[in-house]
Protein chains: 2
Amino acid sequence: MTTDAFLADCRARLAFDLLANTWNAVVLRALRDGPARPVELRERIGGISSKVLTETLRRLRFNGLVDRRTPPDRPSRVEYRLTPLGRTLLGPLDAVGAWAFEHGDEVMAAQEAACPRE
Amino acid sequence: MTTDAFLADCRARLAFDLLANTWNAVVLRALRDGPARPVELRERIGGISSKVLTETLRRLRFNGLVDRRTPPDRPSRVEYRLTPLGRTLLGPLDAVGAWAFEHGDEVMAAQEAACPRE
DNA sequence: CGGGATCCAGGGCGATACTG
DNA sequence: CAGTATCGCCCTGGATCCCG
């Protein structure tokens, strides 16, 4: 493996920076089942404000992971969808999600052990 | 798959939050080859200050991913190493890194297309 | 409904300097 | 060498208001 993983200027950092925003991964996964309008995304996700969702989608678009479309006949309607590139990121994201599903309680246990409940 | 991936309060968020810090993933991968002292880590990583490295290691310890040891005979010497739990995260991290290695140029191309060089 | 404009709070990151 | 203490910047996240 020639990934040279941990160097600060390594290309792997590019992806880690992508995941360095709270909502990026969440929104990406919320788009996995197909295009969605912002209001749908907010329903699916829960707990994300309109403004933050917009910002997140903007970032994802900027990185070529998400595409924004408005039907020609319904200019007021807006849809976001994963680009082919964005779809390729779902695999690694699933790997991370699966890890959390499997080891999440261990992390939480470590946290509680670190700060004992008074 | 019952991951319920994108919900805001899903367990997957736990891992995404772990990766939501700039240096967490980098430091974890820097520890993959075995225990290391802070000065070694800084050499391996490059571009990280002593303070930020300390903070990052503190976070990783708090989440049970990293262990800190000082040899009984050399109290001044400090070593950090991955815990078994932390080691299990290397796999998903590699998946992300491999993705960057494969698609990094596409992301960069999208970025440049978004903000045309003057 | 989409999303821009503000204002604000919190925290990560960085540089520097200082203590064992 | 390890770690802490400051100080400051800037960005994200969050709430609110407003416009097309």
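Here is the naming used below: chain letters follow the sequence lines, and residue numbers restart at 1 for every chain. Bear in mind the structure is a predicted one, so any value in this text is a computation, not a measurement.
Whole-Å rounding puts the Leu57(B) CG to dT4(D) C1' distance at 14 Å. The CG-P distance, from Asp17(B) to dG10(C), rounds to 18 Å in whole Å. Atom CG of Leu53(A) is separated from atom C1' of dT16(D) by 17 Å (rounded to the nearest Å). A straight line from CD of Glu79(A) to P of dC1(C) spans 15 Å, rounded to a whole angstrom. Between the CZ atom of Phe16(B) and the C1' atom of dG13(D) there is a distance of 18 Å, rounded to whole Å.
OP1 or OP2 of dA2(D) sits under 4.0 Å from a side-chain N or O of Arg37(B). A sub-4.0 Å separation between OP1 or OP2 of dG4(C) and a side-chain N or O of Arg58(A) is present.
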With a cut-off of 3.5 Å and sequence neighbours excluded, list every side-chain donor-acceptor pair involving residues 103-110 of chain A.
unit_1	atom_1	unit_2	atom_2	d
His103(A)	ND1	Glu106(A)	OE2	2.7

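Taking the charged nitrogens against the carboxylate oxygens, Asp33(B) and Arg44(B) have no contact shorter than 4.0 Å, which rules out a salt bridge. Here Glu79(A) pairs with Arg81(A) in a salt bridge; the nearest charged N to carboxylate O distance falls below 4.0 Å.
Remark: Arg59(B) is not positioned above the aromatic ring of Trp23(B), lacking an NZ or CZ atom under 6.0 angstrom from the ring centre and at most 45 degrees off the axis.
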Encode nucleotides 12-18 of chain C as B, S and - characters from 5' to 3', where the letter depends on protein heavy atoms closer than 4.0 Å: B to the base, S only to sugar-phosphate, - to neither.
SBBB---
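Atom-to-atom distance recorded for Asn24(A):CG and Leu89(A):CG is 9.5 Å, nearest 0.5 angstrom. For the atom pair Trp99(A) CH2 and Leu14(B) CG, the distance stands at 7.0 Å (nearest 0.5 Å).
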